[in-house]
Amino acid sequence: MSAQVLAIKNTRCDDLLDLLPDIVRAAGYAIWSQTGVSPKMTIAPLIGLMSAAAGPLFTVSAFGRPHHPISVPTLTIGDSGTGKSLVHDRLIPPFVRHAADSQGRFRKAMTEHEACIDEWKLAIHEREKALKAFKGDARVQADIELASLRRQKPCKPKDRPRLIDHVDFEGLLKLLDGENEAVDIFSTEGDKWLKRGILVRNANDMNSVHDGTNSLSSHVERKASLVAQRAHLGITLMVRRGTLDRYLPTHIGTTTKKSELVNTGFFARFHVSVINEKPGPIWEMDNPSAAEDLARLHRRVSAMLRLHRQRLANGRSSRVELSISDDTRQWWEWLCQQIRGLEEGELARIDEYAGKMLGMTVRIACLIHVFESRSRVVSLSALQRAWLFVRRSADDYMRVFAPPPPEPQADQDEAYIFTFLRNEGRQLGDQVRISDIAALTSLPTKRVTAALLRLQGRGRLYVDSKRGIVTYSHDFLRMGYQGK
């Protein structure tokens, strides 16, 4: 590994901000200084911003594998008050300005289009009137020319706002219809997208867009077919923790069942970041240096958005092809071994995520590389830094989507009853009726009795089930609960 990577390998998540390209890192610190949010809060949105800007422009092939997109959807999870809106408001301006500019261009193009349609209709009308004067072969030729003119209807201009908010699946397809079209979802209201929005209702289609495997299409009778080839869908979501409760695993005995969206790998394609820290003091609200650092990133992103729009307007739908440097092969083999070991060990509970860590590392490495170099060969340093982002994301993903199964109810009852007796035993005396313990703890008598019987084998505690009395010594209570 590079010295830079080794230096921060075991440090806090905040330090990951230092691994981003200079222009992105400076913007991250500018947001931090202006708002006081946790540095970790800025990381996933910044990756999402880089993905939205560079995703439609580049593709990558790693060691002879087929080319695939470099887009990375991101999911930032934090409760109210963690600063999601503060970060969003400082990163969204380039997309808002681009959408407004595109709307203005679209309206102007539509005005010109309507004028062209009127001229086209007028030309057809005049040809139809002139047909009466032709006979024989001249009439046949005139009919051919008229038919050709009717086929030359001016094409309707394409609306390319990029930034979308409320849209159904058909509306999304209209925006993506064509080749290498792009839309971006950049929202602090991830709840509406992940509870009932098009992302979760059409999860398999979203997976296909991310993987670059299949085209999106819609064929409705009496409507023009819509086909989105090699589309880009940028997703940068910020949500509350409770939004994802419906996707938590369910535990039945020793069996764990994952939700369908988790099991199919929908969330495993996201870079996930969990935020617990509240914003601290605002350091430099009016610092012109911080404002300029943020503006510099805005200008870079705006230029990339314009470039993609201009390329499509000129009929150029191809993406620039990136490749991985040959000097990364040894490290790449090491990474493959690392991920295999994690799949079988530490990350076994999230095998759906572990299986995608290699691809996500390549994608984030490409984003890092694009924002710091003009070369088409992704460096070893970019890959090593990207792996640290992915590894940290895996930990957060596991915390959210694969928490450890809860303790059996019997174990919970046993610990609870022991704690109760330790705290209240001196006031209750050496002998206590089981029914009194049940009343004071609000637990059913049967569960209290079962917990006491389990505790009976741990010290000088005796349960007389017939009389409904438990006898214990205070020495036992001072022993401390040992668990199973």
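On a predicted model such as this, the values are computed, not experimentally measured, just so you know.
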### Non-neighbouring partners of Phe389 that pass ring pair (Phe, Tyr, Trp, His ring centres under 6.0 Å), sequence neighbours left out
none
### Pair Thr42-Tyr29, side-chain donor/acceptor within less than 3.5 Å
no
### Message
If only side-chain N and O atoms count, and only distance matters, is there a donor-acceptor pair under 3.5 Å linking Ser302 with Arg306?
### Response
no
#### Entry: Lys/Arg N to Asp/Glu carboxylate O, Glu181 vs Arg160, below 4.0 Å
yes
#### Entry: Ser323/Ser61 under side chain to side chain contact (heavy atoms under 4.5 Å, CB included): CA gap, chis, key distance, verdict
CA-CA 5 Å; Ser323 61; Ser61 173; 5.6 Å; no
### Task
Sort out for me which residue in Val87, Leu91, Leu367, Thr74 forms a side-chain contact (heavy atoms from CB on, under 4.5 Å) with Leu46.
Leu91
### Task
Tell me, please, which residues at least two apart from Phe63 pass side-chain contact (heavy atoms from CB on, under 4.5 Å).
Ile324, Thr328, Arg329, Trp332
#### Entry: Residues which pass side-chain contact (heavy atoms from CB on, under 4.5 Å) with Ala450, listed by chain and number, not counting sequence neighbours
none
### Task
Give a yes-or-no answer on whether the side chains of Arg309 and Ser102 include a donor-acceptor pair shorter than 3.5 Å.
yes
### Message
Suppose we screen for ring pair (Phe, Tyr, Trp, His ring centres under 6.0 Å). Which residues come up paired with Phe371, at least two apart in sequence or across chains?
### Response
none
### Message
Under 4.0 Å between a side-chain nitrogen and a carboxylate oxygen: does that hold for Lys258 and Asp351?
### Response
yes
### Message
According to ring pair (Phe, Tyr, Trp, His ring centres under 6.0 Å), who are the partners of His88, at least two apart in sequence or on a separate chain?
### Response
Phe186
### Phe267: partners by ring pair (Phe, Tyr, Trp, His ring centres under 6.0 Å), with sequence neighbours left out
Tyr247, Phe401
### Side-chain ion pair, Arg391 and Asp395, N-O less than 4.0 Å
yes
### Query
Under 3.5 Å, is there a donor-acceptor pair linking the side chains of Glu352 and Tyr397?
yes
### Message
I'd like to know if Arg447 pairs up with Asp413 as an ion pair, taking the criterion as any Lys NZ or Arg NE/NH1/NH2 lying under 4.0 Å from an Asp or Glu carboxylate oxygen.
### Response
yes
### Task
Salt-bridge test for Arg241 and Asp79: reply yes if a basic N is under 4.0 Å from a carboxylate O, no otherwise.
no
